[in-house]
Amino acid sequence: MKYWSKYFIPTLKESPADAEIASHRLLVRAGLVRKLGGGLYTYMPLGLKVMSKLEQICREEMERAGAIELQMPHLHPVEFWEKGPRWSAARQIMYRADHAGAGKRPPQEPEFVLGPTHEEIITPLIQSEITSYRDLPKNFFQIATKFRNEIRPRFGLMRAREFVMKDAYSFDVDDAGAGRSYQSMKTAYERFFARAGLKTIAVEADTGVMGGSASHEFMVPAEVGDDDVVYGEKSGYSANREKATSGIVPKDLVDQAPEGTLEKFSTPGVVTIASLENAPHSVPADKQFKTLVYVGDGKVFLVILRGCDELEEAKLGSLGFTLFRPATPEEILPLLGANPGSLGAVKNTFKDRSGIDGIYADHAIRLIGNGVTGANSDGFHFKHVNITRDLDITRFGDFRRVKAGEPDPQSGEPLKIERAIEVGHVFKLGTKYSEKFNAIYTDDQKQSHFIVMGCYGIGISRTLQACIEQKHDADGILWPWAIAPFQVLVCLLDPTVPEALQWAETLGKAAEAAGADVLIDDRAERPGVKFKDADLIGIPLRITIGGKGLKEGIIELKWRSEKEVHKIALTEASSRIAEAITKAQAASRIE
RNA sequence: CGGGGUGUAGCUUAGCCUGGUAGAGCGCCUGGUUUGGGACCAGGAGGUCGUAGGUUCGAAUCCUAUCGCCCCGACCA
């Protein structure tokens, strides 16, 4: 039981100028956090309480799933990262750490980095500690601060430079075991978010730099999210847009036969899909081949799409490159022989075909059949281009970005797309890390194998903000019971009246005995101020004790999420409060 | 990294274009009146106008540089 006058909840009437979205404004206004710098926040007492509750629920669910808690260093000797499989990509987001007190400037390369995650740390640990199948499977987790040099921190805790994350790592003898670990983590995640009162959807996701064979993200639908989720309402299909496919190419599609002979024609000044659509050429975008040039790990490759489609860059990850970028005109000209706008992949039109590593075509271009593409000669295009006869294609793949309304790949119903916040991510890693760190075990046949890994993250601090984003109204936050900083607020309107204070303490104790976290607002403030603050900080259950009510022998009970005020006789107040608390606890429990 | 914006009291901001004593609201302090949905009156404290240069008799205001922050994009586990 805490007394507001002795506690510290600095609420604000006005929003700070730098907070754009509702959850960010409420975080600050309700006194949950204060900013130190871009993407850096102090958790104020109330914010810390919510964080602790989220952490505790997370801890319980991890342990329930058999994971074991440990704590790894935040400061990592850089060698561990250099030895790992993703140093070149991962270093982009890492903060380097050197001895600030040293007399000389830091050397070219950092001695330490601040941990953005811990695969490179836990794998060597397991390598030295686990050598037998008898010690497997194992799953370790920690709840710790992570450091990432986000290119653009934004929206408060949503994308911060320093944030709290629960990360877990599973180690199994084989793929089947890893699959079970993955499944049990997925279940634990569903339970965690449900207990936290947050509605999430699990979607298929891209594995990105992390690598691995399968991955799901836990998403909170919200307009302010950074990701797009693609889903079919009836089929249950759902995927991150980076990963999503659609059934736009029928499975039984038969490639069209050539129509007419390949013909080069003059297109002076036509360097965009749109301009080729205009008269006099009038070629619809879905009859054009779009040719993009990329550089992946130093190698140049081409991607061919329909003119009306867009490249989903994340899908290029399937080509095996770790870092890629669009090629510059200077790189393109000597290889293709033309500038962007006149590029194509018709056989034998390249200036230097040997300099091109591969030509990858999106499946959807098969819908074009015969179309138009650049001639690799500035100011010229080809018409009557047939995919099988004319194009130089290394292989087909899925590279296009899915659009809303396209058929669901499974059921054919129109797909929907919504913005969402990623709050959790599970990966099947396979042996990518264990191979690099030589994490092997010996089986009962005396055979050595690489340990099969999985990794699992929950953004705890991001989940906190996502809860606010999902549960708020014009007046403030509506905390779910399980993670509310306090569950019961005793709103004492006349703190100077001894009898009122007495009742506040009595009822507060009754609520506490029933299992609630109790805050008593005993400040010498006017009632209006107290009610506004109560709504703002969003305590689920409010008990109001006022001088007038006391004279009539009543107090009031009000849920933050409801409008009605329940008047309760003092004589039965304690039991009615205990009842309400029991009800709320039951509602927030899951099986 | 590219584009745009912004920096004035703890918070929200006016003033800047057109140079001449830095203003308001909230919050804070004192006193009084109030007391069921962000009260009122009176008095008060609090600002190197982000920083550094420059122009000028004189700079919050004009110029240059620099730093921070915000937005859009790119990027992103």
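Just so it is clear: chains get the letters A, B, ... in the order the sequence lines come, proteins before strands, and each one is counted from 1.
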Query - Between C1' of B:A77 and CZ of A:Arg161, the distance in whole Å - result: 17 Å
Considering only nitrogen or oxygen atoms on both sides, find all protein atoms under 3.5 Å from nucleotides 24-27 of chain B and state each distance.
residue: B:G25; atom: N2; partner: A:Glu14; partner atom: OE1; Å: 3.1
residue: B:C26; atom: O3'; partner: A:Lys13; partner atom: NZ; Å: 3.2
residue: B:G27; atom: OP1; partner: A:Lys13; partner atom: NZ; Å: 3.3

Query - NZ/NE/NH1/NH2 to OD/OE distance under 4.0 Å, A:Asp18 and A:Lys35 - result: yes
**Report entry** Heavy atoms from other residues, nucleotides or ligands near CD of A:Gln502 exceed 12 (cutoff 6.0 Å)
**Finding:** no
Report task. Give the ring-plane orientation class for A:His74 versus A:His118, where under 30° counts as parallel, over 60° as perpendicular and anything between as tilted. Result -> perpendicular
Query raised in the report: How far apart are the C-alpha atoms of A:Tyr189 and A:Lys166, what are their side-chain angles, what is the distance that settles it, and do they pass the side-chain hydrogen bond (donor to acceptor under 3.5 Å, both in side chains) test?
Result: CA-CA 11 Å; A:Tyr189 276 34; A:Lys166 184 285 306 175; 2.7 Å; yes
Query raised in the report: Over how many whole Å does the gap from A:Leu492 atom CG to B:G36 atom C1' extend?
Result: 13 Å
Query raised in the report: C1' atom, B:C26 versus B:C17: distance in rounded Å?
Result: 29 Å
Query - Carboxylate-amine/guanidinium contact A:Asp226 A:Arg159, below 4.0 Å - result: yes
Report task. Please confirm whether A:Phe399 and A:Tyr294 have ring centers closer than 6.0 angstrom. Result -> no
Query - Contact residues, residues 546-556 of chain A to RNA chain B [heavy atom, < 4.0 Å] - result: A:Gly546, A:Lys548, A:Gly549, A:Glu556
Query raised in the report: Can you say whether the rings of A:His425 and A:Phe427 are parallel (under 30°), tilted (30 to 60°) or perpendicular (over 60°)?
Result: parallel
Query raised in the report: Does A:Tyr3 have A:Lys6 sitting over its ring (NZ/CZ under 6.0 Å from centre, angle to axis within 45°)?
Result: yes
Give me the distances for all protein-to-nucleotides 73-76 of chain B N/O pairs that come in under 3.5 Å?
residue: B:C75; atom: OP1; partner: A:Glu313; partner atom: OE1; Å: 3.0
residue: B:C75; atom: OP1; partner: A:Glu313; partner atom: OE2; Å: 3.3
residue: B:C76; atom: O2; partner: A:Arg159; partner atom: NH1; Å: 2.7
residue: B:C76; atom: O2; partner: A:Arg159; partner atom: NH2; Å: 3.2

**Report entry** Nearest heavy-atom neighbours spanning A:Val229 and A:Ala420
**Finding:** CG2-CB, 3.6 Å
Query raised in the report: What interatomic distance, in whole Å, is found between C1' of B:C41 and the corresponding atom of B:U35?
Result: 16 Å
Query raised in the report: What's the CE-C1' distance between A:Met94 and B:A77, to the nearest Å?
Result: 12 Å
Query raised in the report: Near RNA chain B, which residues from residues 523-532 of chain A have a heavy atom under 4.0 Å away?
Result: A:Arg526, A:Pro527, A:Gly528, A:Val529, A:Phe531, A:Lys532
Query raised in the report: Would you say A:Phe437 and A:Lys83 make side-chain contact, with heavy atoms under 4.5 Å?
Result: yes
Query raised in the report: Using the P atom in both, what is the distance from B:G2 to B:A74, to the nearest Å?
Result: 16 Å
Query raised in the report: When you check the gap from the basic side-chain N to the acidic O, do A:Glu119 and A:Arg86 get nearer than 4.0 Å?
Result: yes
Requested in this report: Check every atom of B:U12, B:C71, B:G37 against the side chain of A:Glu20 and return the nucleotide holding the closest atom.
Outcome: B:C71
Query raised in the report: When the distance from CG of A:Leu536 to C1' of B:G37 is rounded to whole Å, what number comes out?
Result: 13 Å
**Report entry** Rounded C1' spacing from B:G46 to B:C40 in Å
**Finding:** 23 Å
Query raised in the report: In whole angstroms, how far is the P atom of B:G37 from the CG atom of A:Asp475?
Result: 14 Å
Report summary line: Result for salt bridge (charged side-chain N to carboxylate O under 4.0 Å, His left out) between A:Asp309 and one of A:Lys290, A:Arg400, A:Lys315 points to A:Arg400
Query raised in the report: For atom P, what is the distance between B:G25 and B:A42, given to the nearest Å?
Result: 11 Å
Query raised in the report: Would A:Phe486 and A:Leu46 count as a side-chain contact (heavy atoms from CB on, under 4.5 Å) if you check the C-alpha gap in whole Å, the side-chain angles of each, and the deciding distance to 0.1 Å?
Result: CA-CA 8 Å; A:Phe486 293 95; A:Leu46 213 55; 3.6 Å; yes
Query raised in the report: Toward the 5' end of RNA chain B, which comes first, A:Ile545 or A:Gly39, by nearest nucleotide?
Result: A:Ile545
Report task. Would you indicate whether A:Glu69, at its atom CD, is surrounded by more than 12 heavy atoms from other residues, nucleotides or ligands within a distance under 6.0 Å? Result -> yes
Query raised in the report: Expressed as a whole number of Å, how far does the C1' atom of B:A59 sit from that of B:G15?
Result: 14 Å
Query raised in the report: Distance between the P atoms of B:U61 and B:U56, in whole angstroms?
Result: 16 Å
Report task. Go through the N and O atoms of the side chain of A:Arg542 and the base of B:G37, and report whether any donor-acceptor pair is under 3.5 Å. Result -> yes
Query raised in the report: What's the CE-C1' distance between A:Met158 and B:C70, to the nearest Å?
Result: 17 Å
Report task. Could you list by number each residue of residues 21-35 of chain A showing a heavy-atom separation from RNA chain B of less than 4.0 Å, or answer none if no residue does? Result -> A:Arg29, A:Lys35
Report task. May I ask you to say what A:Asp535 touches in the nucleic acid, namely base, sugar-phosphate or nothing, with a heavy-atom cut-off under 4.0 Å? Result -> base
**Report entry** Residues A:Lys299, A:Asp297: salt bridge by 4.0 Å N-O rule
**Finding:** no
Report summary line: For RNA chain B, the expected dot-bracket line (Watson-Crick or G-U under 3.5 Å, [ ] crossing, | inter-strand) is (((((((..((((......[..)))).((((((.....)))))).....(((((..]....))))))))))))....
Query - P atoms of B:C49 and B:C62, separation to the nearest Å - result: 15 Å
Query raised in the report: Of A:Asp533 and A:Phe155, whose nearest nucleotide on RNA chain B comes first from the 5' end?
Result: A:Asp533
Query raised in the report: What is the distance, rounded to the nearest whole Å, between atom CD of A:Gln92 and atom P of B:C1?
Result: 13 Å
Query raised in the report: Hey, is A:Asp167 close enough to A:Lys146 for a salt bridge, meaning N to O under 4.0 Å?
Result: yes
Query - Atom-to-atom span, CZ of A:Phe147 to C1' of B:A77 - whole angstrom - result: 17 Å
Query raised in the report: How long is the gap from CE on A:Met165 to CZ on A:Phe163, to the nearest 0.5 Å?
Result: 6.0 Å
**Report entry** Pair A:Glu331-A:Thr328, side-chain donor/acceptor within less than 3.5 Å
**Finding:** yes
Report task. Quick one: sort the A:His216 and A:Tyr182 rings into parallel, tilted or perpendicular, breaks at 30° and 60°. Result -> tilted
Query - Basic-acidic side-chain contact under 4.0 Å: A:Arg401, A:Glu310 - result: no
